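All ligand and atom numbering here is 1-based and tracks the order in the structure. Keep in mind that the numbers below use all heavy atoms, side chains included, and drop hydrogens, waters and symmetry copies. Bear in mind the structure is a predicted one, so any value in this text is a computation, not a measurement.
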Amino acid sequence: METKILPVTDESVALAKEILLGGGLVAIPTETVYGLGANGFDGAAVKKIYEVKGRPTDNPLIAHVDPGYDLTRLVYIENDYALKLKEKFTPGPLTMVFFSKGKICREAVCGGDTLAVRIPSHRGAQKVLAAAGVPIVAPSANISKHVSPVTAEHVYEDLHGRIPLILDGGRCTGGIESTVLDVTGKVPRILREGLITREMIASVAGACEIAQHKPTDKVRSPGVKYGHYMPRCDTARFCAGEEAKAAALYDETVKSGGRALILCGEERRGAFAGRDVISLGIGGEAMAANLFAALREGEKRADLIIAVEPEEKNGVYAGVMNRLCKAVKKYGEGGEKH
Ligand code: AMP
Ligand code: MG
């Protein structure tokens, strides 16, 4: 199958609509990462998402709708704080998990009784949703476990030959996936951290919990149990303050003929003079925006990516740390590798 990459225009959106309503898949830009979309009412189409990505079939998908869509067509909204959160943070990178009315196909929710819904703010995504007129279920448009895509080229690298169309809406500005928030209980509970932070949610809803995932728990957000965001090279992660150890590992690697690369916040770059460094920028938002692109660049450029954590762990940094810890193994610890 030939994979076209087209800029978002009236013509390409019309083609996307035709493919989606015909049971096919289209990669679409959003403000978080690129998504691999299918018609949420079409079980056979949604099944293709799992096949194309190699995604475990017990990991449900997020249904994307346009800002005018009446959510009560799809879900039960049982808590008023959810409406306040919708008002304040959508369209945008917040996914809310509600009890489902069972309208979206069971393949998308893996037979579960809840549905995750998001209203993207990206103009390209909104145009496709408005044209298609149906909810589009979409996970990130990468091969399962690989680093999420933030450009159309990243999608092409993973999925060319497997899907007919990638709509190119430029580089995603958010850079990490949406916050996933369970709004079925009396207090909202974060299942996956993202750009809408615990602090932001608590300021509107009064409180906000973070789900603790212990190995023995029944998994509430199945995505958290799989290896994720992994670059196709070796990785090593150090705490803030361990720059000397990171530099020593870099030097050792290079001395023995390997290619190493340092990933760190701009404020730490000075500790790595004369070495190959990708700076993730200044502040949590910048780190989120740059992380996945840096990991994808790193896997091409190096045999070993050495990341240094930010010192700060709250706010947007919580989402950055969540991705960084899954993508890059703590130095000295084993773990899953591509
Ligand atoms: P992605 O795999 O990048 O599409 O991200 C989707 C995330 O949302 C995964 O972590 C899923 O496990 C999570 N998710 C989707 N639907 C639900 C749901 N109904 N309940 C809980 N988590 C969900
Ligand atoms: Mg994903």
**Study point:** Where ligand 1 meets Ser140 - atom numbers and elements under 4.0 angstrom, heavy-atom basis
**Key:** 3 (O), 4 (O)
Exercise for review: Take Phe238 and Leu249 through the side-chain contact (heavy atoms from CB on, under 4.5 Å) test and state the conclusion after the steps.
Suggested key: CA-CA 10 Å; Phe238 290 90; Leu249 179 61; 3.9 Å; yes
Review point. For Arg55, is at least one N or O under 3.5 Å away from an N or O on ligand 1?
Key: yes
Check your understanding: Under a 4.0 Å heavy-atom limit, does Thr114 contact ligand 1 with its side chain, its backbone, both, or neither?
Key -> both
Point to revise | Arg118/Glu31 ion pair, N-O < 4.0 Å | key: yes
Check your understanding: When you measure from the centre of the six-membered ring of Tyr76, is the NZ or CZ of Lys101 under 6.0 Å away and within 45° of the axis?
Key -> yes
Point to revise | Per-residue contact class, Leu61 against ligand 1 - non-hydrogen pairs under 4.0 Å | key: backbone
Review point. Could Arg162 and Glu51 be called an ion pair, given the rule that one side-chain N must be under 4.0 Å from one carboxylate O?
Key: no
Review point. Is Glu157 salt-bridged to Lys300, going by a charged N under 4.0 Å from an acidic O?
Key: yes
Point to revise | Per-atom contacts of ligand 1 with Pro139, taking only distances under 4.0 Å to non-hydrogen atoms | key: 4 (O)
Review point. Quick one: do Glu266 and Arg269 make a salt bridge, cutoff under 4.0 Å?
Key: yes
**Study point:** Min heavy-atom dist Val109 to ligand 1 below 4.0 Å
**Key:** no
Revision key, fill the gap. Ligand 1 to Val180, heavy atom cutoff 4.0 Å, flagged ligand atoms 8 (O)
Check your understanding: Ala116 heavy atoms, cut-off 4.0 Å: which ligand 1 atoms fall inside?
Key -> 15 (C), 16 (N), 17 (C), 19 (N)
Point to revise | Residues Glu107, Lys48: salt bridge by 4.0 Å N-O rule | key: no
Review point. Per the side-chain hydrogen bond (donor to acceptor under 3.5 Å, both in side chains) rule, which among Asp158, Thr151, Asn142 passes with Arg296?
Key: Asp158
Study note, to complete from the structure: Note: heavy atom closest to atom 9 (C) of ligand 1, options Thr184, Val137, Thr179, Asn59, belongs to Asn59
Check your understanding: Does Tyr229 bring an N, O or S atom to under 2.8 Å of the Mg ion (ligand 2)?
Key -> no
Review point. Looking only at N/O atoms, are His228 and ligand 1 under 3.5 Å apart anywhere?
Key: no
